[in-house]
Asker: 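What follows is a structure written as structure tokens; I'll ask about it next.
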Amino acid sequence: MTGGTPRKVTRLAGEVRTEVSRLAYHLRTPATRSGITPTRLTALSALTRYPDGLRQGDLAELMNISAPSMTRLVEILEEAGWVERRRDPDDQRCLLIVLSPVGRKTLDTLRDESASQLSEELADLTADERAALAAAVPVLRKLADRHLDG
């Protein structure tokens, strides 16, 4: 195993998981103030990667949630105006879930708020600390992409 003993790698994994979770929780604060739960935020964010939309079952599979839970989630998202249902041009019997303009604007606003908040906090770090974070971004992206693309 490269990068250390299995015990060291396991300890690092635990530390990274804990700190990323803590930071993610903090960054979701603007969304939760707006009534967007983490699950709703995850669904909306997932839909940004599929501008032509996703079938409800595909979104459920992507998010690893049950079909009944996804049905209720899509109803909530639609009632809030964050998503729209459209006919699948490849199969008119099927519906696609598409991020609405209101949903996109909501996500953009939330991202701007959390980025602004984080930017202020990053400004308080030393140049070396910011450089260490900048070096970690590609590694974090690689780890995240393994899950998002798989």
Side-chain angles (χ1 to χ4, degrees), residues 2-3 9-10 12-125 129-150:
T2 57
V9 172
T10 299
L12 175 61
E15 290 173 355
V16 168
R17 179 188 42 80
T18 297
E19 301 312 324
V20 167
S21 293
R22 289 177 62 213
L23 183 57
Y25 178 84
H26 174 69
L27 294 174
R28 283 193 304 263
T29 301
T32 55
R33 279 197 310 260
S34 300
I36 301 177
T37 65
T39 301
R40 293 172 192 174
L41 185 59
T42 299
L44 294 174
S45 296
L47 288 170
T48 64
R49 295 179 31 237
Y50 299 93
D52 294 331
L54 276 176
R55 291 182 183 177
Q56 189 167 303
D58 293 337
L59 183 57
E61 185 177 327
L62 183 70
M63 292 181 60
N64 197 29
I65 64 175
S66 70
S69 293
M70 180 53 69
T71 297
R72 182 64 190 132
L73 176 59
V74 169
E75 288 171 357
I76 291 167
L77 297 176
E78 190 174 32
E79 288 168 10
W82 295 323
V83 301
E84 300 169 349
R85 296 178 202 238
R86 295 186 187 153
R87 289 275 167 216
D88 185 340
D90 297 328
D91 184 347
Q92 291 293 308
R93 299 169 297 172
C94 297
L95 293 173
L96 297 173
I97 310 304
V98 180
L99 190 65
S100 72
V102 171
R104 184 164 304 284
K105 174 109 174 93
T106 300
L107 275 179
D108 289 345
T109 299
L110 294 173
R111 286 178 178 156
D112 288 347
E113 286 177 25
S114 64
S116 176
Q117 181 179 342
L118 184 57
S119 178
E120 291 174 16
E121 294 170 10
L122 293 178
D124 290 338
L125 298 177
E129 289 169 330
R130 284 192 302 274
L133 279 175
V137 168
V139 177
L140 293 171
R141 183 177 298 120
K142 179 179 178 178
L143 290 171
D145 286 348
R146 286 180 181 174
H147 297 280
L148 294 174
D149 296 336

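Only this structure's heavy atoms are used, side chains among them; waters, hydrogens and symmetry mates stay out.
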Asker: Is there side-chain contact between Thr29 and Arg33, with heavy atoms separated by less than 4.5 Å?
Answerer: yes
Asker: Which distance, rounded to the nearest 0.5 Å, do you find between the CG of Leu118 and the CD of Glu113?
Answerer: 13.5 Å
Asker: Within the side chain of Ser116, is there an N or O that forms a donor-acceptor pair under 3.5 Å with the backbone of Asp112?
Answerer: no
Asker: Can you see which heavy atom on Ala31 is nearest to which on Leu41, and at what distance?
Answerer: CB-CD2, 4.0 Å
Asker: Does Arg22 reach the side chain of His26, with side-chain heavy atoms less than 4.5 Å apart?
Answerer: no
Asker: Look up atom CG in Leu77 and atom CG in Leu47, then write down how far apart they are to the nearest 0.5 Å.
Answerer: 8.0 Å
Asker: Would one find more than 12 heavy atoms of other residues, nucleotides or ligands at under 6.0 Å from atom CD of Glu61?
Answerer: no
Asker: Check whether any side-chain N or O of Arg40 sits under 3.5 Å from a backbone N or O of Gly35 as a donor-acceptor pair, and report yes or no.
Answerer: yes
Asker: For Leu99, is there any backbone N or O sitting under 3.5 Å from a side-chain donor or acceptor partner on Arg104?
Answerer: no
Asker: If I compare all heavy atoms of Glu78 with all of Val83, which pair ends up nearest, and what's the gap?
Answerer: N-CG2, 3.6 Å
Asker: Can you list the steps and then say if Leu96 with Arg85 is a side-chain contact (heavy atoms from CB on, under 4.5 Å)?
Answerer: CA-CA 6 Å; Leu96 297 173; Arg85 296 178 202 238; over 6 Å; no
Asker: With rounding to the nearest 0.5 angstrom, report the OG1 to CG distance, Thr18 to Leu23.
Answerer: 12.5 Å
Asker: Under the side-chain hydrogen bond (donor to acceptor under 3.5 Å, both in side chains) rule, collect the residues that match up with Glu129, sequence neighbours excluded.
Answerer: Thr126
Asker: Quick check against the 3.5 Å criterion: does Arg87 have a side-chain atom that pairs as donor or acceptor with the backbone of Gln92?
Answerer: yes
Asker: Under 4.5 Å between any side-chain heavy atoms of Thr109 and Lys105, yes or no?
Answerer: yes
Asker: Would you give me the side-chain donor-acceptor pairs under 3.5 Å for residues 132-141, sequence neighbours excluded?
Answerer:
none

Asker: Do you know which two heavy atoms are closest between Ala46 and Leu62, and how far apart they sit?
Answerer: CB-CD2, 3.8 Å
Asker: Between Leu73 and Ala43, which heavy-atom pair has the shortest distance, and what is it?
Answerer: CD2-CB, 3.9 Å
Asker: Can you tell if the side chain of Thr37 reaches within under 4.5 Å of the side chain of Thr42, non-hydrogen atoms only?
Answerer: no
Asker: Say you draw a straight line from CZ of Arg28 to CD1 of Ile36; how long is it, rounded to the nearest 0.5 Å?
Answerer: 12.5 Å
Asker: Between Ser100 (side chain only) and Trp82 (backbone N and O only), is there a donor and an acceptor less than 3.5 Å apart?
Answerer: yes
Asker: Verify, without hydrogens or angle tests, whether Thr48 (side chain) and Ser45 (backbone) share a donor-acceptor contact under 3.5 angstrom.
Answerer: yes
Asker: Once rounded to the nearest 0.5 Å, what's the spacing between atom CZ of Arg72 and atom OG of Ser69?
Answerer: 11.0 Å
Asker: To the nearest 0.5 Å, what is the distance between CZ (Arg130) and CG (Leu125)?
Answerer: 6.5 Å
Asker: Hey, can you pull the donor-acceptor pairs under 3.5 Å for the side chains in residues 52-60, sequence neighbours left out?
Answerer:
residue, atom, partner, partner atom, Å
Arg55, NE, Asp88, OD2, 3.1
Arg55, NH2, Asp88, OD2, 2.9
Gln56, NE2, Thr71, OG1, 2.9

Asker: For a quick test of reading the model, state the closest non-hydrogen atom pair linking Pro101 to Glu84 and the distance between them.
Answerer: CD-OE2, 3.7 Å
